[in-house]
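Quick notes on the structure that follows.
Side chains are part of it too, since the values below use all heavy atoms of this structure and drop only hydrogens, waters and symmetry mates.
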Amino acid sequence: QVQLVESGGGLVQAGGSLRLNCAASGGTINRYTMGWFRQAPGKEREFVASITRFGINTYYTDSVKGRFTISRDNAKNTVYLEMNSLKPEDTAVYFCAAAPLRYTTKLITEYDSWGQGTQVTVSS
């Protein structure tokens, strides 16, 4: 397992942008599919996006397609989530996660390392 720390969250107006960062330590992320999840108050944690080990394949939940972009820099051991055209319904705590797989996945149970989360709040 690797240790993951998210940053970059904050308060933004609807239509604005944020970039989340996920810095890994204790291992190299090129052994992992990386994912972003989010959890809004009173709701279950849900999948947002994932990216395979060398960035060849990405996978997004329908509600963020065309607005969010997941990317990774294995040399920096960091994963990013670029979020544009933000909506109030994007408000949540965003979590970074690592899965020891070679394919993309949206299944929470396949990720075995998690960060502590970063708050994203989108005002209307």
Side-chain angles (χ1 to χ4, degrees):
Q1 295 185 342
V2 292
Q3 289 75 52
L4 304 172
V5 178
E6 302 94 336
S7 62
L11 173 63
V12 64
Q13 289 187 333
S17 299
L18 283 174
R19 188 179 80 161
L20 305 184
N21 308 302
C22 172
S25 61
T28 54
I29 63 169
N30 61 15
R31 301 174 61 184
Y32 298 90
T33 281
M34 301 299 294
W36 286 96
F37 292 77
R38 65 187 180 186
Q39 187 166 17
K43 295 187 176 181
E44 294 186 350
R45 192 170 299 188
E46 65 172 1
F47 170 79
V48 176
S50 65
I51 186 168
T52 49
R53 295 183 302 164
F54 299 101
I56 302 300
N57 294 309
T58 57
Y59 181 31
Y60 298 91
T61 193
D62 286 346
S63 62
V64 308
K65 284 181 181 177
R67 300 189 298 122
F68 290 13
T69 302
I70 187 171
S71 62
R72 63 193 296 159
D73 186 337
N74 288 346
K76 295 182 178 180
N77 236 23
T78 301
V79 180
Y80 307 97
L81 185 68
E82 184 75 33
M83 305 186 296
N84 298 312
S85 302
L86 282 161
K87 305 175 181 180
E89 51 264 43
D90 294 318
T91 295
V93 177
Y94 283 71
F95 298 90
C96 176
L101 303 170
R102 298 185 178 187
Y103 51 86
T104 57
T105 179
K106 65 178 182 180
L107 298 178
I108 288 179
T109 54
E110 295 196 302
Y111 291 84
D112 63 4
S113 299
W114 292 84
Q116 83 291 347
T118 185
Q119 177 71 47
V120 171
T121 303
V122 184
S123 63
S124 57

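- The shortest side-chain heavy-atom distance between K87 and R67 falls under the 4.5 Å cut-off.
- The aromatic rings of Y94 and F68 sit tilted relative to each other, their planes meeting at an angle between 30° and 60°.
- D90 and V122 make their closest contact through CB-CG2, 4.3 Å (heavy atoms, listed as atom of the first residue, atom of the second, distance).
- Proximity of L4 to M34: side-chain heavy atoms (C-beta onward) are separated by under 4.5 Å at one or more points.
- Cation-pi geometry between R38 and F95 is not met: the NZ or CZ atom fails to fall both under 6.0 Å from the ring centre and inside 45° of the normal.
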Please tabulate, one pair per line, all N/O donor-acceptor pairs under 3.5 Å involving side-chain atoms of residues 52-60, not counting sequence neighbours.
residue: T52; atom: OG1; partner: I56; partner atom: N; Å: 3.4
residue: T52; atom: OG1; partner: N57; partner atom: N; Å: 2.9
residue: T52; atom: OG1; partner: N57; partner atom: O; Å: 3.2
residue: Y60; atom: OH; partner: I70; partner atom: N; Å: 2.9

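- Contact record, S124 with A14: CA-CB, 4.4 Å, taken as the closest heavy-atom pair.
- In plain terms, the two heavy atoms of Y80 and W36 that are nearest each other are O-NE1, 3.4 Å.
- Cluster membership for L20 and W114, using ILVMFWY side-chain heavy atoms within less than 4.5 angstrom, is not shared.
- Residues S17 and N84 have side chains that bring a donor and an acceptor to within less than 3.5 angstrom of each other.
- For the residue pair T105/E110, the side-chain donor-acceptor check at 3.5 Å is satisfied.
- Put simply, the side chain of T118 gets close to the backbone of G9: a donor and an acceptor are under 3.5 Å apart.
- Applying the side chain to side chain contact (heavy atoms under 4.5 Å, CB included) criterion to N77, with sequence neighbours excluded, gives A24, T28, I29.
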